[in-house]
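Worth knowing before you read on, the calculation uses all heavy atoms, side chains too, and leaves out hydrogens, waters and symmetry mates. Keep in mind that this is a model prediction, so the values were computed, not measured. Letters go in sequence order (proteins before strands), and every chain restarts at 1.
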Number of protein chains: 2
Amino acid sequence: MSSKRRDIAEAANRVFYREGFAAVGIDRLVDEANVALGTLYRHFGDRTQVIVAALEHRHGEFLAYLEERARAGEGADCVLQLFDALGNWSQGRGGNGCLFLRAAADHPHDERIRQAAVDHKRRYLALVEQRLLQGGWRAERAEELAPVIFLLLEGAVAAAFTLGDAAAVAGARHAAAILLAQPGAS
Amino acid sequence: MSSKRRDIAEAANRVFYREGFAAVGIDRLVDEANVALGTLYRHFGDRTQVIVAALEHRHGEFLAYLEERARAGEGADCVLQLFDALGNWSQGRGGNGCLFLRAAADHPHDERIRQAAVDHKRRYLALVEQRLLQGGWRAERAEELAPVIFLLLEGAVAAAFTLGDAAAVAGARHAAAILLAQPGAS
DNA sequence: CACAAGATAGAACGAACGTTCTACTTTGGG
DNA sequence: CCCAAAGTAGAACGTTCGTTCTATCTTGTG
């Protein structure tokens, strides 16, 4: 019955995202996960490992969401659906920015956390590139375009967070549509 | 002789940026600013006010840098020089992302910090819009374009931080050039 | 049933940290 | 020169927090 581990990771993901890493202590996680303190320390050696587990939980959640919602489509639609999916994801979730960015920013010296964040971003970028390939772009061109699309997705989340600008994702999507329509496309 | 206040704000900006808010305590700031603990508490009521002062210090520093480096130019150059300036700024500074974003992410409940971050971003966005006007864009069009350019700037910083991608700013600049060359420009 | 492994509640501890306080020294303007 | 304001060094306090430990209870399996 290792559902406890999942309970803790899920609660950590949820509470850390809502309230930030600094503001949430171990006992708070224990309460939120309906778990005993000893149980948490049985599954995770220390606080950092709980944070990493929260990030891994979110990683799975987020990429599964994107892959499910942005599946079909042809040409540029393959890519633009990522923006729609991101918009839906952010909506209803408070729009508190990117948890991976926040975790890395909060613990600049912690190698485990930084690694989890970098791994996530790499796979996120790989997903973008995959969609470009699926949309018919040449491999060489997809490799060029993916970082720029990625950058628009990241910028949209950041702008939505700091400025509370809910239209940021739409703006990013529009910009992406223009860039994808450039000559040298397919 | 209120240079002490400035010393503290400068040291806080520098150390917070390099090591993160959670990892830097009051005594560390006192050491780094070459100031006594009592002096810090004479100038700032509590830790939060030191953080706000660090953000205000950075705000002045950063916007002055951008305004100085991206002054001349015509048309799209007015705007693209912001990307060059941002690239130079990030370079040599460790590329640890946006301090305002990090501060807001770290203290989601602290109204003073969030306000300082929002104020900064608004004035940053206003600078972008001003450069578009200077570059010859119609007011209406500038208001449309500014958030997208802003989003590219923000995304570049975020991508450079999480992925360590030093080419992110160049990619963002290139994307901006394409967007600015779209019909309906001036 | 029995037993081992996991879960629980909560006490306990040690370290870190923000903040206050005290006593002493420096400094600059009237 | 004098004095008030600012700075210094460092002790001290109270709190918070991560982590460990103990004792008791559940639970699934042979």
Length of the NZ-P vector between A:K4 and D:dT27, whole Å: 10 Å

Distances under 3.5 Å between protein N/O atoms and the N/O atoms of nucleotides 18-20 of chain C, please, pair by pair.
residue : atom : partner : partner atom : Å
C:dG18  : OP1  : B:R47   : NH1          : 2.9
C:dG18  : OP2  : B:I26   : N            : 2.8
C:dT19  : OP2  : B:Y41   : OH           : 2.8
C:dT19  : OP2  : B:R47   : N            : 2.9
C:dT19  : O5'  : B:Y41   : OH           : 3.4

Nucleotide D:dG7, atom C1' - distance to CZ of B:R5 in whole Å: 16 Å

Derivation and outcome, side-chain contact (heavy atoms from CB on, under 4.5 Å), residues B:D7 and B:N34: CA-CA 8 Å; B:D7 289 351; B:N34 287 317; over 6 Å; no

Contact under 4.0 Å: A:H43 side-chain N or O vs C:dA7 OP1/OP2: yes

Separation of D:dA6 P from B:L40 CG (nearest whole Å): 15 Å

OP1 or OP2 of C:dT8 under 4.0 Å from side-chain N/O of A:T39: yes

Distance under 6.0 Å and angle within 45° of ring axis: B:R93 vs B:Y17: no

Protein-nucleotide distance (A:F21, atom CZ; D:dC17, atom P), rounded to Å: 16 Å

Cation over ring face, B:R47 and B:F21, 6.0 Å, 45°: no

Spacing between A:D31 atom CG and C:dT8 atom P, to the nearest angstrom: 12 Å

Interatomic distance, B:R6 CZ vs D:dG7 P [rounded to whole Å]: 15 Å

Of A:A22 and B:A36, the one whose closest DNA chain D nucleotide lies more 5': B:A36

Spacing of A:F44 atom CZ relative to D:dG18 atom P, expressed in whole Å: 15 Å

Test applied, side chain to side chain donor-acceptor pair (under 3.5 Å); reference residue, B:D119; option that passes from B:R123, B:Q115, B:K121, B:R122: B:Q115

Straight-line distance of A:E56 CD to A:H59 NE2, nearest 0.5 Å: 8.5 Å

Pair A:L86-A:L82, side-chain contact (heavy atoms from CB on, under 4.5 Å): steps then yes or no: CA-CA 6 Å; A:L86 180 67; A:L82 289 174; over 6 Å; no

